[in-house]
Number of protein chains: 2
Amino acid sequence: MRKLKHPTIDQIELTDIMYALADPTRLEIVTLLANARKKMTCGEFTLNRSKSTMSHHFKILRSSGLVETLIEGTEHMNSLRLEEIENKFPGVLKSVIKATKVIG
Amino acid sequence: MRKLKHPTIDQIELTDIMYALADPTRLEIVTLLANARKKMTCGEFTLNRSKSTMSHHFKILRSSGLVETLIEGTEHMNSLRLEEIENKFPGVLKSVIKATKVIG
DNA sequence: TCAATTGTTCGAATATCTTCGAACTGTCTA
DNA sequence: TAGACAGTTCGAAGATATTCGAACAATTGA
């Protein structure tokens with residue numbers, strides 16, 4: 001469990017990102033991460049879901065390429081791969097984050 | 001069957017749009033519509049799917065607010081609600097369309 | 001070394017999605 | 001008015017998703 005797998009930039013696919021963002025729970029995680037502007041542990045997200053459910057969503061966020069998870073001790077520090085994704089799909093992630101801000 | 005229901009602009013929700021765009025078939029319909037720059041009938045999309053399957057996808061595209069369908073005779077003319085959605089969620093739809101162009 | 005902490009994995013239940021063929025509806029035209 | 005045409009709706013099959021609790025793994029600290 002030393003290191004978690006992440007896709008490289010060229011392995012990231014648009015449909016995977018769309019799919020990851022289509023779930024309300026995951027979209028909320030993404031916007032919280034974007035607004036936090038810092039790394040957050042899984043435990044900091046109190047979205048009324050069980051530990052295993054949250055872990056499941058983070059796994060999908062990681063495999064889509066949206067989130068990077070670094071292990072520090074017993075904690076998993078999560079951050080958005082915003083710049084990389086902006087570089088590959090300009091405007092996609094940023095506009096979605098901005099759109100969620102306006103609403104809630 | 002005279003007129004089909006569409007959500008008004010303020011009824012359109014971001015997660016519904018994300019969900020609609022997450023399916024490869026629907027994403028392809030959306031990009032074809034965007035590139036066509038004109039209204040297209042359902043029959044013009046030859047994506048190796050049955051009539052009923054295509055109808056199902058168009059129903060989701062309509063209910064998400066992405067697509068508007070006007071009935072002209074026996075044909076259903078479809079178009080993207082690009083300007084409306086741009087107005088509500090700036091950059092979201094346009095950046096996704098642009099991102100798909102680069103790839104395929 | 002042992003317990004506490006953080007998160008993952010497993011297995012299962014439930015719900016939702018995609019897909020299709022068949023039957024149907026509304027419109028046009030011969 | 002009957003047939004052709006474009007899509008929708010229905011019902012069902014099979015695949016995927018979401019969710020949870022329980023068990024597990026890795027690290028830290030006492």
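Chain letters run A, B, ... following the sequence lines, proteins first, then strands; residues in each count from 1. Hydrogens, waters and symmetry mates play no part in the numbers below; they use all other heavy atoms, side chains included.
Smallest separation of non-hydrogen atoms from Pro7(A) and Arg62(A): CD-O, 3.3 Å.
Checked options Leu80(B), Leu70(B), Asn78(B); the residue passing with Lys39(B) is Leu70(B) (criterion: side-chain contact (heavy atoms from CB on, under 4.5 Å)).
With a 4.5 Å cut-off on side-chain heavy atoms, Met18(B) and Asp23(A) do not count as touching.
Of the N and O atoms on the side chains of Thr53(A) and Ser50(A), at least one donor lies less than 3.5 Å from an acceptor on the other residue. Side-chain atoms of Thr8(A) and Gln11(A) form a donor-acceptor pair, as typed in the model, at a separation below 3.5 Å.
Taking atom NE2 of residue His76(A) and atom P of nucleotide dT6(C), one finds them 11 Å apart after rounding to whole Å. For Lys51(B) and dA22(C), the NZ to C1' distance is 10 Å, given to the nearest whole Å.
In terms of position along DNA chain C, the nucleotide closest to Glu75(A) lies nearer the 5' end than the nucleotide closest to the other residue of the pair Thr53(A) and Glu75(A). Of the two residues near DNA chain D, Ser50(A) and Tyr19(A), the one whose nearest nucleotide lies more 5' is Tyr19(A). In this structure, Thr69(B) and Gly73(A) both approach DNA chain D, and ranking their closest nucleotides by distance from the 5' end singles out Thr69(B).
At a cut-off of 3.5 angstrom, counting only N and O atoms as typed in the model, there is a donor on one side and an acceptor on the other between the side-chain of Ser52(A) and the base of dG21(D).
A donor-acceptor distance shorter than 3.5 angstrom exists from the side chain of Glu44(A) to the backbone of Thr41(A), with no hydrogens or angles considered. Without hydrogens or angle criteria, His6(A) side chain to Thr69(A) main chain gives a donor-acceptor distance under 3.5 Å.
Atom CD of Glu83(B) sits in a sparse spot, with 12 or fewer heavy atoms from other residues, nucleotides or ligands closer than 6.0 Å. Remark: Asp10(A) CG is packed, more than 12 non-hydrogen atoms of other residues, nucleotides or ligands lying under 6.0 Å away.
Each end of the helix from dT1(C)-dA30(D) to dA30(C)-dT1(D) gets its own rotation axis from five pairs of C1' atoms, and the angle between them is 20° to the nearest 10 degrees.
Heavy-atom distances under 4.0 Å link DNA chain D to Thr41(B), Cys42(B), Gly43(B) of residues 33-46 of chain B, given in residue order. Residues from residues 54-64 of chain A lying near DNA chain C, meaning a heavy-atom separation below 4.0 Å, are Ser55(A), Lys59(A), Arg62(A) in numerical order.
Geometric assessment of Arg26(B) against the ring of Phe58(B) yields a negative cation-pi assignment under the 6.0 Å and 45° thresholds.
Residue Arg49(B) places no side-chain N or O under 4.0 Å from the OP1 or OP2 atom of dC20(C).
Picking from dT18(C), dC28(C), dT8(C) the nucleotide with the shortest atom distance to the side chain of Thr74(B) gives dC28(C).
Residue Ile60(B) is not grouped with residue Ile85(B) when hydrophobic side chains (ILVMFWY) are merged at heavy-atom distances under 4.5 angstrom, including chains of intermediate members.
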